Amino acid sequence: MAKLEALISEADRYLKVAEVEDYPGAHNGLQVENGGKVARVLAAVDAGLPVIKKAAAAGSGSLLVVHHGLFWSGMHPVTGIFREKLEIMRKADMALYSVHLPLDAHAVVGNNV
């Protein structure tokens, strides 16, 4: 198993998360942590409820990497589907990493390449 902290540090460095400005309210990088160990890395475009449910079914200790994360417009109440997403991730010990414009702009693995 890999350590979550090491994976996030390397992803942030490689994707230059701190250097690429994004939309106000968007949060690139780790959005939800797990217990600190990663057994598998999964990827999707959006952190939608069906995606989170499917990732949770893959087993505990997952790191879900998405292009469109949970946070786009700053703070909002933890209610409804948003609450359900967080509860599923907590029960599955799932971490969520979102990378939007830094992924679009990356010269090697970016969506614009």
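Everything numeric in this text was worked out from a predicted model, so none of it was measured.
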*asked:* Other residues, nucleotides and ligands only: do more than 12 of their heavy atoms fall within 6.0 Å of CZ on R40?
replied: yes

*What heavy-atom pair brings M94 and I52 nearest, and what distance separates the two atoms?*
CE-O, 3.6 Å

*Donor + acceptor pair across side chains of Y97, D12 (<3.5 Å)*: yes

*Cluster link V17 to L70, ILVMFWY, side chain under 4.5 Å*: no

*asked:* Over 60° means perpendicular and under 30° means parallel, so tell me whether F82 and F71 are parallel, tilted or perpendicular.
replied: perpendicular

_Tell me if a side-chain donor or acceptor on R13 pairs with a main-chain N or O of I8 at a distance below 3.5 Å._
no

*asked:* According to a hydrophobic-cluster definition based on side-chain heavy atoms being under 4.5 Å apart (Ile, Leu, Val, Met, Phe, Trp, Tyr only), do I81 and L96 belong together?
replied: yes

_Y14 backbone acceptor or donor facing H106 side chain under 3.5 Å_ = yes

*asked:* Looking at H76 and T79, would you say the former's side chain and the latter's main chain have a donor-acceptor pair under 3.5 Å?
replied: no

*Stepwise salt bridge (Lys or Arg N to Asp or Glu O under 4.0 Å) check, K53 with E84*: CA-CA 10 Å; K53 285 181 176 180; E84 186 175 356; 3.8 Å; yes

*Quick one: does V38's side chain get under 4.5 Å of S62's, heavy atoms only?*
no

*Establish whether Y23 and L103 are linked, either directly or via other cluster members, by ILVMFWY side-chain heavy-atom contacts under 4.5 Å.*
no

*Linking I/L/V/M/F/W/Y whenever any side-chain heavy atoms sit under 4.5 Å apart, do V65 and V51 land together?*
no

*Could you pull out all residues at least two apart from E33 that satisfy salt bridge (Lys or Arg N to Asp or Glu O under 4.0 Å)?*
none

*asked:* Quick check on E10: does its CD atom have over 12 non-hydrogen neighbours (other residues, nucleotides or ligands) under 6.0 Å away?
replied: yes

*asked:* Applying side-chain contact (heavy atoms from CB on, under 4.5 Å) to V20 and N28, what does each step give before you reach the verdict?
replied: CA-CA 9 Å; V20 179; N28 290 296; over 6 Å; no

*Applying side chain to side chain contact (heavy atoms under 4.5 Å, CB included), name anything that partners D104, two or more places apart in sequence or on another chain.*
H67, H100, L101, N111, N112

*Closest approach of S60 and A39, non-hydrogen atoms and distance?*
O-CB, 4.1 Å

*Decide yes or no for Q31 and S98: does some side-chain heavy atom of the first lie under 4.5 Å from some side-chain heavy atom of the second?*
yes

*Is a donor on one side and an acceptor on the other found under 3.5 Å between the side chain of N34 and the backbone of G36?*
yes

*asked:* With a 4.5 Å cut-off on side-chain heavy-atom distances among I, L, V, M, F, W and Y, is there a chain of contacts connecting L15 to V108?
replied: yes

*For the residue pair I88 and A56, what are the closest heavy atoms and their distance?*
CG2-CB, 3.6 Å

